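First up is the structure itself, then whatever we jot down about it.
Just the heavy atoms: all of them, side chains too, but no hydrogens, waters or symmetry mates, feed the values below. For this chain, numbers begin at 1 and follow the sequence in order. From a predicted model like this one, the values you see are computed outputs, not experimental measurements.
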Amino acid sequence: MYRYSKHYIHSKMALTRLSCVLALLSLHCYVSILAVTLRTTNSAPWANEFESIELSCLIESISTTRPRIEWKKIKNGEPSYVYFGNEIAGDLVKRAHIREPATLVIFNATRADTAHYRCEVTAPDDQKTFDEVLINLNIRVKPVIPTCAVPKSVPVGKSAELSCVEHEGFPKSQYQWFRNKEEIPLDPKSSPKFFNSSYVLNGDTGTLKFSAVRKEDAGQYYCRAKNEAGVSECNPQMMEVYDINIAGIILGVLVVVVVLLCITVGICCAYRRGYFATQKQTGSNYKTSGKGDGVDYVRTEDEGDFRHKSSFVI
């Protein structure tokens, strides 16, 4: 019988433990290889309209040599194929291709491409045979030239409203107003030039409202619509501010009153002089019919009422 030293026994136990750890690691790696696993570098990419965009779908682990790869577009809750049977399908035909192993590249992207996209990989030879990644794509659209409405003239002290709107930009446009090429701040108190102005500017709706216009508010106005894709502006329009002529208004009212008074006096004088008197007809002229027909007509008590008397001459 052999006796082993304590050092030898401890060494043997250490080797046994190391073997177990290596066996577990080998088993873990084996299981990992048998599971298809996907990932993406960007789950919410974006691009400006008419640019190219890449939807990454990377295969981290797989043992199947020829997996089945599919891409689906999900818009308004309805899925449709954009890559199926190793071919581009749907509205991406001639505008996209697959870059190995499974990344989808879209050329000349349009606003209609904004949607959710799902990359699906099926690996029949793996223990875990299926995996997918979901990508939310947004295509930004530059605003078109906005429609601007500026009143041509406003009296001092009256209210005025300027409007600016466009419906093409995505994301939704924000609006800026300019007077004589100088930006109008959201808060008039933040600028010495606009400190006494009584306006409210809404950058979301594009409205610029003056509660009481001043002479200093006159000028060339234009609006700018902007988002992450770009900016667009409408042409400048002139808004004039004029004083109300109180003396002229009073004089005009007096002239109208005098004219109406003269007309009234003239009508009264005409009535007194009999220009508007009506001449009454007295009596009635009737034409008596001849007796050649052998019929006599007799007048009754009621004037104008005739009846004939049966008198025939044979």
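A cation-pi arrangement, defined by a distance under 6.0 Å to the six-membered ring centre and an angle within 45 degrees of its axis, is present between K189 and F195.
Using a 4.5 Å heavy-atom cutoff, the side chains of R111 and E168 are in contact. C57 is listed as a side-chain neighbour of L38, based on a closest heavy-atom distance under 4.5 Å.
With no hydrogens or angles considered, no side-chain donor-acceptor pair links S63 and D125 at under 3.5 Å. For the 3.5 Å distance criterion, the side chains of T40 and S56 qualify, holding a donor opposite an acceptor. A donor and an acceptor atom, one from each side chain of N227 and Q174, are nowhere located under 3.5 Å apart.
Distance alone, capped at 3.5 Å, places no donor-acceptor pair between the T37 side chain and the E60 backbone. In this structure a side-chain-to-backbone donor-acceptor pair under 3.5 Å is present from W71 to A102. Distance alone, capped at 3.5 Å, places no donor-acceptor pair between the S232 side chain and the A225 backbone.
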List the steps, then state whether side chain to side chain contact (heavy atoms under 4.5 Å, CB included) holds for R214 with N196.
-> CA-CA 9 Å; R214 305 175 306 139; N196 294 322; 3.6 Å; yes

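For the cysteine pair C148 and C164, the distance separating the two SG atoms is not below 2.5 Å.
Residue V241 shares its hydrophobic cluster (ILVMFWY side chains chained together at separations under 4.5 Å) with V150, V154, V156, L162, W177, I184, L186, F194, Y199, L201, L208, F210, V213, Y221, M239.
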